[in-house]
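Working notes for the structure below.
Here the structure is a predicted model, which is why all the values come from computation and not from measurement. Convention: sequence-line order gives letters A, B, ...; per-chain numbering from 1.
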There are 4 protein chains.
Amino acid sequence: MIKKEKISDKRTALLNATLTLVNNHGFHNTPMSKIAKLAGVAPATIYLYFENKQDLVNKLYLEVKEDFSNCAFEGYSEDLSVKKGFELIWFNIANYKLSQIKETNFLTQCDNSPMIEEEIRVEGLKHLQPLLNLWQRGKNEGIIKPLTDYVLYAFTIYPLSFLLGMQERDIHTLSETEKQETFKAAWDAIRM
Amino acid sequence: MIKKEKISDKRTALLNATLTLVNNHGFHNTPMSKIAKLAGVAPATIYLYFENKQDLVNKLYLEVKEDFSNCAFEGYSEDLSVKKGFELIWFNIANYKLSQIKETNFLTQCDNSPMIEEEIRVEGLKHLQPLLNLWQRGKNEGIIKPLTDYVLYAFTIYPLSFLLGMQERDIHTLSETEKQETFKAAWDAIRM
Amino acid sequence: MIKKEKISDKRTALLNATLTLVNNHGFHNTPMSKIAKLAGVAPATIYLYFENKQDLVNKLYLEVKEDFSNCAFEGYSEDLSVKKGFELIWFNIANYKLSQIKETNFLTQCDNSPMIEEEIRVEGLKHLQPLLNLWQRGKNEGIIKPLTDYVLYAFTIYPLSFLLGMQERDIHTLSETEKQETFKAAWDAIRM
Amino acid sequence: MIKKEKISDKRTALLNATLTLVNNHGFHNTPMSKIAKLAGVAPATIYLYFENKQDLVNKLYLEVKEDFSNCAFEGYSEDLSVKKGFELIWFNIANYKLSQIKETNFLTQCDNSPMIEEEIRVEGLKHLQPLLNLWQRGKNEGIIKPLTDYVLYAFTIYPLSFLLGMQERDIHTLSETEKQETFKAAWDAIRM
DNA sequence: GATGAATGAGCATTCATTCAT
DNA sequence: CATGAATGAATGCTCATTCAT
């Protein structure tokens, strides 16, 4: 068991190193040698855990994405009202994005560059289904505007990525009240 | 004058080639040699017009950004009411983003990766001032929610970048009515 | 004894794996890891039986060569007439080369590339002595042309390596009559 | 013209360097860096003249092979009698193989290892056609044994490769008389 | 201005070999 | 005996940039 943890440690160290370096310098300015050094292993060791550089970053993307999804729906139940459910999810996501800055920044970079192959990106999208179901319910009940999921997403969740940018560059940090007000903007955008 | 236009032609050809290639393959998968080939010049010629690769992409960023800004405020006057003014700007931007796909895509990629130095990015932000002024007026008149400019931007303009993604990948194309409805979402998000 | 056989099994498995892989991909395209995998052992295990890669291939060379020599002189006795003796040896070698394709191919590759050190190669040549003795006798008796052993070898035995190539690449398979006719060519080349 | 010669010089220097190094150390023990150094250019320069390492060695193979073929049929005409024609070609080849040692050695190594792809090898075989035609004529006239071309080749031309080995390793150098006697062996092998 | 030949620095990846278990 | 995780050293290849013409 100790052994397994140690192995897992190296894999995790490599993923963490990649996260940090890709965030700071981008995919192609992050040599494998630097990843190895930061993770405290020899370059060749990376290839014991990942097929190649692309595989390493793909795996990182998927694992971060999964972590994100898990947080997004923590405490969520379909028994909640549309508004309560949406509020829960929105705050979950907002809290994740505003606290897990490194992870969020990485996902944003992946989603907006040819760094990740389309195929992998699509795989990372599956997890949002509960939110889409919630929106469908809201549209049926006449509570939410009859817009496509893409538009709903664009005006409620996607804006949070932008606010992260501020947070990260220390331009502005959202207070709890501001977060509340911001939620109101998101909700007003899509509610009937 | 003819000669100057010809020279300018090469510069433009280089910028266009860069736009296309960086969009399709990313900054670091776009060798100077390919840019030169697509522009129909020799690699060394690039260095007659730009200092180096970074300079080339910086200049491209700034010029695209300026073009974008010009479109954003076309027909705008401070005499317009807050809502009318905002509507005009919003549709200008929406139309730009949904039609000038290559340019928009490029800007999105730049804004979400370490490809462009912070300094340059900041320089590209100056042009939005009229919109910020408009929002200030709206807040003063009690028409617009008293949120920071960042939040207002995040929930009205920034979402359009996401919708572009759909357009580009042929997932969904916005009809004129949908665009109207989408504007309503943006306006509802920030109006009192 | 059983245990020793088992150990010996692993050694043999390694030699066989090496033979196959070097034949198909060449010495330098045959990683130790693949040899180990094909032999069903761990890479490190190779070093229990052989000093290093070069040693492994040297040993293989010598053992194959010895096997070849044993076949070459099977049933041979110095009591036979020069022609009968030569015929026996020639057919022995021909049959070996045309049936033990893997082994022959390996030897050919070794003998025509810097894969094997000269020193080892020389060691593998000792075994042909009876054939050289036979030729000496033939020359003394005026039955065989007074050519150097090298030339005699070049025009009788060496050609068989070429015919193997055909066999291996399925270009042409020698029938029994053709083999007889081919022997005649070899004999005519060196007989007075 | 001077310029073109200079360019051609580098290509030739690279081919020569490759010939020498591959002969001495084998394909896979010949790094591009050493080829470059011996040719007096930077490693990257190789890629201006050849696509990659395999292409470099393929091109070398084909050019050497062509040179060899040209020598083989120098002075040959179909008007010659079968024996005279064969004699001419045989001596041409013998002289080439015994003097152009580096080239011959390289060809031998290529022909007996997986270094060269089959496809390329086949391309290098085209040139021998006149010899095959000559043999056909000889068979028709009842002068040459009715063996397949492969066998005829194996017992007349192929042995010369073996003799080269001696020459190269300074074991034995053929005198002119020995060469004559050796030719007799070759001719005896295939004549009726 | 324009070129293309040339290159130095860098990088992903492989592999023979070792060593703790 | 046997292993497999780990690695240092090497290598093929790319590319931004320069410079003589």
Who pairs with F/dT3 - Watson-Crick or G-U, where each distance is under 3.5 Å =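 Paired with F/dT3, as far as the under-3.5 Å criterion goes, is E/dA20.
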Backbone N/O of D/Asn16 and side chain of D/Lys102: donor-acceptor pair under 3.5 Å | no
Let me know, please, whether B/His28 or A/Ala44 comes out on the 5' side of the other along DNA chain F by nearest nucleotide.
-> A/Ala44
Quick one: is [N] close enough that its OP1 or OP2 comes under 4.0 Å of any side-chain N or O from [X]?
| X | N | result |
| --- | --- | --- |
| D/Thr45 | E/dA6 | no |
| B/Lys10 | E/dA2 | yes |
| D/Tyr49 | E/dA6 | yes |

Take the protein atom CD of A/Glu51 and the nucleotide atom P of E/dA12, then report the distance between them rounded to whole Å.
->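 From A/Glu51 CD to E/dA12 P: 16 Å.
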Between atom CD1 in C/Ile46 and atom C1' in F/dA2, what is the gap in whole Å?
-> 13 Å
Between C/Thr18, C/Val22, C/Asn23, C/Asn24, which is the residue that forms a side-chain contact (heavy atoms from CB on, under 4.5 Å) with C/Thr20?
->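 Among C/Thr18, C/Val22, C/Asn23, C/Asn24, the one that satisfies the side-chain contact (heavy atoms from CB on, under 4.5 Å) with C/Thr20 is C/Asn24.
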Would you kindly compare D/Val41 and B/Gly40 by the position of their nearest DNA chain E nucleotide and give the one closer to the 5′ end?
-> B/Gly40
Please figure out whether A/Asn52 or C/Gln54 has its closest DNA chain E nucleotide nearer the 5' end.
->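 Nearest nucleotide further toward 5': that of A/Asn52.
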4.5 Å side-chain heavy-atom contact, C/Ile35 and C/Leu56 | yes
Run the numbers on C/Glu117 and C/Tyr61 for side-chain contact (heavy atoms from CB on, under 4.5 Å), then give the verdict.
-> CA-CA 11 Å; C/Glu117 295 136 24; C/Tyr61 176 78; over 6 Å; no
